[in-house]
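Structure first, then comments.
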There are 2 protein chains.
Amino acid sequence: MRTTIYDVAKEAKVSIATVSKVINNKGHISEKTKRKVQEVIVALNYQPNMMASALMGKRTKTIGLLIPDIANPFFSELARSIEDRGHEFGYNLVMCSTDYIQEKENKYITLLKRKSVDGFIIASGFENLDKIEELVKEDIPVAIVARDSPMFYVNTVALDDFMGGYLAASHLIELGHKNIGVIARDVWSNRERLRGFKQALEENKLEFTPDFEFIKEINHIEAGKYMTRKYLDAPHPPTAIFACNDLLAAGVIQGGKEVGMSVPEDLSVIGFDNTILATIIEPPLTTISQPIQNMGKEVMDIMISMITGEVKEKRRLTLLPSLVERKSTSKLTV
Amino acid sequence: MRTTIYDVAKEAKVSIATVSKVINNKGHISEKTKRKVQEVIVALNYQPNMMASALMGKRTKTIGLLIPDIANPFFSELARSIEDRGHEFGYNLVMCSTDYIQEKENKYITLLKRKSVDGFIIASGFENLDKIEELVKEDIPVAIVARDSPMFYVNTVALDDFMGGYLAASHLIELGHKNIGVIARDVWSNRERLRGFKQALEENKLEFTPDFEFIKEINHIEAGKYMTRKYLDAPHPPTAIFACNDLLAAGVIQGGKEVGMSVPEDLSVIGFDNTILATIIEPPLTTISQPIQNMGKEVMDIMISMITGEVKEKRRLTLLPSLVERKSTSKLTV
DNA sequence: TTGAAAGCGGTACCAA
DNA sequence: TTGGTACCGCTTTCAA
């Protein structure tokens, strides 16, 4: 059996109340007993059971992290930065990949509530705001990251996706492209990116002509390939493609290669996220960079301050994307 | 306040003991009361508190996953497959990135023990076997994945790393390479790969000549670049490089490009893992494939059977690697 | 078939 | 400064 507070109390010849006070540094305990108890704790290698204290209303120091897919580099990098910041303050993360499936999202939330997590960090891809609102109402700390939630009463660390899309389009337009394809999954942030994208077109008196539709596939690389082929087969194929994440962009480049087009000579490609993939892809990917490290840190900080009750008002922090020019885009040559 | 078992009992006009029995489907309860209780549970949306039942010795349905770095695609893909299998059986994963740092490993283990996780799945990179042995002695389920542990009494799902290294070398030798560099971090699995590698050389009467040393950097891409430059600057530069993971291989290819060498014409490169990176890198990476999905599934299955007590004897499952030929290696032309 | 009550391992209030 | 004890929400034994 594991050592309990009773063992410590008995060994130190004090009451469990005293031991508890020593552990939590509460109340007034004489230096002498304090030292004695601490010695026994070390000697017995006593580790307080967190389940028990959680039952009494203390924090579990565990946070639920809901993301679409930990195998997607953007999310694994984000998860890592969140984890690191949490670790500094003694928090652990329960990781849940939802695959954009509502049923999974709900299941995980219910389950983690039963496990008394201290709060939820929810990454983009979550379309199911009802469930989140429910958490807020129940006064369970929730923070959203990498997805904006305007008109919604939740702490949020987001990227200015609109600006991201605008940046991407502007870059391409500047290079002379007029017919630009877009590939994206139908989630909130991408709708924003698309809005920004169209805004830039409009400002340049360009029209959004491609035969666009949101992808549904889970496998982004394949989806990128597929859409690329579709675009390239069309009567007026685009000369550039804006892929709403780096994985998709990788698919575009591969798809282009398969039909003998080289990037960027025949087709310019711009991605989104600036994950490790962007540096590995050939040609190195021009992409819109999200400040992943920062987003992770900020959202964890918000989470912690919600848990400790330091901050009561809700807030929305919007970080700005930036263009990272590499080699996958070039001037349109006709 | 959350609904508790007392609320349900009161509402259903029965005792909490009865409610508990209904929930857990234990004891003998009349159909009538059972139905009544179930109705109330639904009506009140009652969710049993797992902390409380964990205190009484029930499982927490939570497993600690210790990996070097979730941002490394190999580990994030592995984590994902473990998570998926766990999810099928209602388990959650607490994710801990250790960065190969012992201090972190120990800290996480202690912390997760306090949180009463049902078991630990530990991925390669863990050199600290003492701590694991401790867990085994305390009868806490532990399983090791992606790292062998011969002579060690732990359930393991491993890859035959020796064979992996052998396969890599054999492939290169077959292509005519005689002077082959190796890049690896000093962890158990890599030592095995190196052993297999040397074995193949020996069988072909070749000597291991390069000025090899283990890398220490955390950033694998940079490490790959650095070692590549070092190899290429040597008096007798190798004509091929075996990188012990795909990330490293990406660095090798980049490093080669930087000094104007093209892959595979001037330098053949073979990786290890076969992560998503291998398909994205240009040229597509020839690599030794680990059956990641399978490893994840198998290790979770072992974990679950340990938890449920179905399997008492320890076992070691070794999966076999295979060569995936893509475009980063070619015949030596001199 | 049902329920009273004794824990599980802590926390916190109140008395001593 | 210390300790007794009620309680957190659930499981389980034993009697009724």
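Chain naming here is simple, since letters A, B, ... match the order of the sequence lines and numbering starts at 1 in each.
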Quick one about B/N92 and B/K61 (side-chain donor to acceptor, distance below 3.5 Å, no hydrogens or angles considered), yes or no?
no
Worked verdict on A/I132 versus A/F120 for side-chain contact (heavy atoms from CB on, under 4.5 Å):
CA-CA 9 Å; A/I132 296 180; A/F120 290 87; over 6 Å; no
Do any side-chain atoms of residues 5-19 of chain B form donor-acceptor pairs under 3.5 angstrom with protein atoms, and if so which ones, sequence neighbours left out?
unit_1 : atom_1 : unit_2 : atom_2 : d
B/D7   : OD2    : B/T4   : N      : 2.7
B/S15  : OG     : B/A17  : N      : 3.3
B/S15  : OG     : B/T18  : N      : 3.3
B/S15  : OG     : B/T18  : OG1    : 3.2

Closest non-hydrogen atom pair between A/K104 and A/S97, with its separation
CD-O, 3.8 Å
Would you say A/T33's side chain and A/I29's backbone share a donor-acceptor pair under 3.5 angstrom?
no
Residue set satisfying side chain to side chain donor-acceptor pair (under 3.5 Å) with B/Y46, at least two apart, ordered chain then number -> none
Determine, for nucleotides 8-16 of chain D in 5'-to-3' order, which nucleotides have protein heavy atoms under 4.0 Å from the base (write B), from only the sugar-phosphate (write S), or from neither (write -).
BBBBB----
Side-chain ion pair, B/R80 and A/D99, N-O less than 4.0 Å:
yes
Distance check: side-chain N/O of A/T18 vs OP1/OP2 of D/dG3, anything under 4.0 Å?
yes
Please check this pair: side chain of A/D118 against backbone of A/T60, looking for a donor-acceptor N/O pair closer than 3.5 Å.
yes
Atom pair CD1/SG of B/I121 and B/C96 - distance to nearest 0.5 Å:
12.0 Å
Are B/K113 and B/E138 ion-paired here, with the side-chain N under 4.0 Å from a carboxylate O?
yes
Axis deviation across the helix from C/dT1-D/dA16 to C/dA16-D/dT1, five-pair ends, to the nearest 10°
40°
Given the rule in the salt bridge (charged side-chain N to carboxylate O under 4.0 Å, His left out) test, do B/E298 and B/R85 qualify, once you have shown the distances and angles that lead to the verdict?
CA-CA 9 Å; B/E298 294 290 352; B/R85 185 61 173 176; over 6 Å; no
Sub-4.0 Å heavy-atom contacts from residues 31-39 of chain A onto DNA chain C, ordered by number:
none
Which atom of B/A123 lies closest to which atom of B/P68, heavy atoms considered:
CB-CD, 4.4 Å
Leading and trailing nucleotides of DNA chain C with any atom under 4.0 Å from heavy atoms of chain B
C/dT1 to C/dG9
